[in-house]
J.: 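Okay, here's the structure, questions in a sec.
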Amino acid sequence: MELEHHSSVITKWVFILVKAEIILLLTTWPMLYLLLNLSMASNVNEVGTLVLTIIALVPFIVAPGWCAAYATVRHFYRKKEEPHFWRTIWRQYKENYKAAMLIGLVFDAWLFVLYTAFWYYGRFGAMGRAIPLVIMGLSVYFFLFVLAYVTDREESLLGYWHKSVQIIMQHPVLFLSLLFETTLTGLIGFVIKPLMILVAPGVICLIVMYFYL
């Protein structure tokens, strides 16, 4: 009986991971195509063009897609049934699209500032490139957390950012744990390339929503 219980629990976790991955692959596949091209870019001009294109598409592709995945994971954690998986995905995608897009536009503006700083201050040495990159990386974590908040509450645009900061400030240790776990997941995916697309995004989705709830 105990073996059956553990097997059932593992199956449920694997199933929700697969669900999250399917949602992310279906909703963000153009971004994956661009990232694949970025990995094969042969010169600085190609890299610059692809990076700017990727940043520009974040509000319209990445943000709504992650919100849809978060919503499904949230139902799993709260033990809510999803009688119609595809219908639920589509509903969550539509319901959160506007808020996710607006959050993505704010994030985009910030990324453009950091990207410009990277190229401008990078002329003066390694630190000029390193600092914008570090801030950009931390901003991505924060952005993913704000999107998790979007799927659970209705706030003003400023309210989403403000409330998210409050939650993080109230639970700094948990947020540091989130940073560590998501970074470790990303590094494993970087080393084992297939995991970067087929496993890592779903695991990160589970980690961020678990921290939020």
Side-chain angles (χ1 to χ4, degrees), residues 12-32 57-108 111 137-168 170-171 174-175 177-186 189 195-213:
K12 287 179 181 178
W13 279 94
V14 171
F15 190 46
I16 190 58
L17 176 61
V18 171
K19 276 185 173 182
E21 277 292 332
I22 289 173
I23 295 169
L24 290 172
L25 287 173
L26 287 176
T27 56
T28 66
W29 67 266
M31 195 66 68
L32 297 175
L57 291 177
V58 165
F60 311 104
I61 295 177
V62 176
W66 274 82
C67 278
Y70 278 142
T72 296
V73 172
R74 188 185 77 243
H75 288 165
F76 169 75
Y77 282 137
R78 290 182 173 170
K79 296 180 171 56
K80 292 183 178 179
E81 294 294 330
E82 288 183 335
H84 303 287
F85 176 57
W86 299 109
R87 193 180 303 169
T88 301
I89 294 173
W90 180 237
R91 187 183 74 250
Q92 294 290 350
Y93 188 83
K94 291 190 297 181
E95 286 179 356
N96 295 309
Y97 189 90
K98 182 179 179 181
M101 182 188 67
L102 292 174
I103 297 251
L105 287 171
V106 173
F107 179 66
D108 247 14
L111 282 186
L138 292 174
S139 299
V140 170
Y141 290 116
F142 185 56
F143 173 62
L144 291 176
F145 181 74
V146 176
L147 291 178
Y149 188 83
V150 168
T151 63
D152 193 44
R153 304 287 179 87
E154 288 189 11
E155 300 276 358
S156 64
L157 179 59
L158 182 60
Y160 285 122
W161 297 97
H162 180 250
K163 295 290 186 181
S164 297
V165 170
Q166 282 187 327
I167 294 172
I168 290 171
Q170 290 169 1
H171 307 282
L174 285 176
F175 188 68
S177 175
L178 179 149
L179 292 180
F180 173 76
E181 291 172 19
T182 52
T183 301
L184 181 62
T185 302
L195 298 183
M196 180 62 79
I197 296 176
L198 300 176
V199 177
V203 172
I204 291 173
C205 184
L206 289 169
I207 292 171
V208 175
M209 184 52 74
Y210 182 81
F211 168 79
Y212 169 74
L213 294 176

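Computed from a predicted model, the values in this text were never measured in an experiment.
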J.: Just to verify, what does Y77 make a ring-ring contact (aromatic ring centres under 6.0 Å, His included) with, not counting sequence neighbours?
T.: W13, Y210
J.: The criterion is side-chain contact (heavy atoms from CB on, under 4.5 Å); which residues satisfy it with K163, sequence neighbours excluded?
T.: Y149, E155, Q166
J.: Considering residues at least two apart in sequence or located in another chain, which fulfil the side chain to side chain donor-acceptor pair (under 3.5 Å) criterion with N96?
T.: Q92
J.: Among all residues two or more places apart in sequence or in another chain, which pass the side-chain contact (heavy atoms from CB on, under 4.5 Å) test with W29?
T.: none
J.: Strictly by salt bridge (Lys or Arg N to Asp or Glu O under 4.0 Å), give each pair with a member in residues 201-212 just once, sequence neighbours left out.
T.: none
J.: Which residues satisfy the side chain to side chain donor-acceptor pair (under 3.5 Å) test with S139, sequence neighbours excluded?
T.: W110
J.: F60: which residues meet the ring-ring contact (aromatic ring centres under 6.0 Å, His included) condition with it, sequence neighbours left out?
T.: none
J.: Does the side chain of L57 reach to within under 4.5 Å of the side chain of V62, using non-hydrogen atoms?
T.: no
J.: Sequence neighbours excluded, which residues qualify as ring-ring contact (aromatic ring centres under 6.0 Å, His included) partners of Y141?
T.: none
J.: Please assess T185 against V199 for the test side chain to side chain contact (heavy atoms under 4.5 Å, CB included), listing each intermediate value before the final yes or no.
T.: CA-CA 9 Å; T185 302; V199 177; over 6 Å; no
J.: Report yes if some heavy atom in the side chain of W66 is under 4.5 Å from a heavy atom in the side chain of V208; otherwise report no.
T.: no
J.: Run the side-chain contact (heavy atoms from CB on, under 4.5 Å) test against A100 and tell me which residues pass, sequence neighbours left out.
T.: A63, P64, C67, L147
J.: Y93 vs W90 aromatic rings, parallel, tilted or perpendicular, using cut-offs 30° and 60°?
T.: parallel
J.: Of all residues at least two apart in sequence or in a different chain, which pass the side chain to side chain donor-acceptor pair (under 3.5 Å) check with E21?
T.: none
J.: Test of understanding: with side-chain contact (heavy atoms from CB on, under 4.5 Å), list the residues that count as partners of F142, not counting sequence neighbours.
T.: V146, W161, S164, V165, I168
